[in-house]
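Let me begin by presenting the structure, written as structure tokens, before commenting on it.
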Amino acid sequence: MCDDIAKAFAHQNLELESWVREALMSVNRIDFVSDFSHLAYELNPLPIQGAQFISSPLTVAKMTQYLGQGDSVLEVGLGSGYQAMVLAKAGFRRVFSIERIERLLLQAREKIRASGTLNINTKFGDGQSGWAEYAPYDRILLSACLEDSVPSALIEQLEEGGILLAPILEERTTPSGKVEQRQVIKRFLKNSGRLVDEEVLEDCLFVPIVKGTMQ
């Protein structure tokens with residue numbers, strides 16, 4: 001799987017960094033899929049409960065590498081728990097992850113517990129409100145697509161000099177004048193209380209972020 005990811009990176013003139021490869025290799029993706037274990041190591045997203053998806057391992061590798069290494073990270077959208085596990089193996093001392101769908105949270109918690117990983121903390125709640133109790137975080141990662149600007153609570157909980165990485169929906173006008181929507185991965189740096197140095201890294205496809213919680 002990692003060789004396939006490295007080839008996909010190379011097609012975009014990127015290099016899969018060793019710390020990301022090692023993190024991916026240390027997590028058994030098959031433990032985080034249910035009915036599609038025979039497809040666990042292919043580079044495709046797979047459906048899970050709650051009309052959600054476990055991200056492609058290629059996407060997880062890119063998001064991890066784009067985020068960069070740090071000490072503490074807040075993930076918005078725990079989902080299956082796979083991305084959080086990779087972050088926990090990628091050098092982060094503390095991983096915090098919020099999930100709005102309770103049954104997904106409970107399943108992911110059990111998988112994380114069974115793995116013996118101790119540096120992942122999970123919470124049931126609306127991820128757009130963040131997790132103020134353990135802030136600030138030097139990295140924040142959104143695993144679902146924002147339809148608008150980054151919520152102010154997440155900006156407040158990001159440490160000065162920290163990095164926030166998020167899929168965001170944006171509009172663009174084609175040469176023919178047609179307005180189209182696309183999802184893009186954006187990376188921001190926090191400086192003087194604001195998100196600055198916005199970078200558009202690439203197009204993407206994530207489930208949309210939703211307010212509130214559900215069972």
Side-chain angles (χ1 to χ4, degrees), residues 14-24 55 59-79 81-100 105 108 112 117-170 183-204 206-213:
L14 300 171
E15 181 179 350
L16 179 62
E17 296 178 7
S18 59
W19 63 275
V20 179
R21 177 187 282 269
E22 290 168 7
L24 292 166
S55 293
T59 298
V60 170
K62 285 181 176 180
M63 296 298 278
T64 302
Q65 187 158 310
Y66 287 150
L67 190 66
Q69 292 178 291
D71 177 72
S72 63
V73 57
L74 173 66
E75 180 192 24
V76 176
L78 174 65
Y82 179 60
Q83 174 73 80
M85 277 291 296
V86 171
L87 293 172
K89 302 297 183 180
F92 285 95
R93 184 173 62 89
R94 301 181 302 154
V95 177
F96 299 88
S97 189
I98 307 171
E99 176 55 54
R100 62 173 294 272
L105 172 73
I112 293 167
T117 303
L118 301 177
N119 61 329
I120 299 177
N121 304 274
T122 60
K123 175 183 177 180
F124 176 55
D126 185 340
Q128 295 183 80
S129 299
W131 196 343
E133 182 179 358
Y134 297 103
Y137 308 95
D138 53 336
R139 300 287 186 274
I140 294 180
L141 169 68
L142 280 79
S143 293
C145 183
L146 289 167
E147 293 188 0
D148 202 346
S149 57
V150 177
S152 59
L154 298 181
I155 299 173
E156 291 169 4
Q157 292 171 32
L158 181 64
E159 190 170 26
E160 276 292 307
I163 291 171
L164 184 144
L165 186 70
I168 297 180
L169 190 68
E170 68 172 21
Q183 292 185 12
V184 294
I185 299 172
K186 291 188 177 183
R187 182 168 57 195
F188 304 87
L189 179 73
K190 184 174 178 179
N191 184 24
S192 299
R194 299 184 300 110
L195 294 183
V196 298
D197 296 340
E198 176 183 320
E199 298 176 82
V200 176
L201 301 174
E202 63 176 88
D203 289 4
C204 62
F206 283 78
V207 297
I209 199 163
V210 179
K211 291 183 179 179
T213 60

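As the structure is a prediction and not an experimental result, all values here were calculated from the model.
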Exceeds 12 heavy-atom contacts within 6.0 angstrom, atom CD of E15: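 Incorrect, the count does not exceed 12.
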Between [atom1] of [X] and [atom2] of [Y], what distance do you get to the nearest 0.5 Å?
| X | Y | atom1 | atom2 | value |
| --- | --- | --- | --- | --- |
| C145 | I185 | SG | CD1 | 10.0 Å |
| I163 | I140 | CD1 | CD1 | 11.5 Å |
| T122 | L78 | OG1 | CG | 6.5 Å |
| L165 | F188 | CG | CZ | 9.0 Å |
| L67 | D138 | CG | CG | 8.5 Å |
| M85 | I120 | CE | CD1 | 5.5 Å |

Grab the two heavy atoms, one from [X] and one from [Y], that are nearest each other, plus how far apart they are.
| X | Y | value |
| --- | --- | --- |
| G77 | S97 | C-OG, 4.3 Å |
| Y137 | V73 | CD2-C, 4.2 Å |
| Q128 | L154 | O-CG, 4.1 Å |
| G193 | I155 | O-CG2, 3.8 Å |
| G68 | F92 | O-CZ, 3.3 Å |
| T64 | A90 | CG2-CB, 4.2 Å |

Between the side chain of [X] and the main-chain N/O of [Y], is any donor-acceptor distance below 3.5 Å?
| X | Y | result |
| --- | --- | --- |
| Q183 | P208 | no |
| Q65 | E17 | yes |
| E147 | L169 | no |

Would you mind reporting whether [Y] and [X] have side-chain heavy atoms less than 4.5 Å apart?
| X | Y | value |
| --- | --- | --- |
| L195 | L158 | yes |
| F206 | L142 | no |
| K89 | T117 | yes |
| V200 | I168 | no |

Step-by-step side chain to side chain contact (heavy atoms under 4.5 Å, CB included) determination, V86 to L24: CA-CA 6 Å; V86 171; L24 292 166; 4.2 Å; yes
Aromatic plane relationship, Y134 with F96 - under 30° parallel, 30 to 60° tilted, over 60° perpendicular: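 Parallel, since the angle between the ring planes stays under 30°.
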No-hydrogen, no-angle side-chain donor-acceptor test under 3.5 Å, D126 and T213: no
No-hydrogen, no-angle side-chain donor-acceptor test under 3.5 Å, E75 and S143: yes
Residue pair E160, N191: steps toward the side chain to side chain contact (heavy atoms under 4.5 Å, CB included) verdict: CA-CA 6 Å; E160 276 292 307; N191 184 24; 4.1 Å; yes
Presence of salt bridge, E202 and K62, under 4.0 angstrom: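 Result for this pair is yes, salt bridge flagged.
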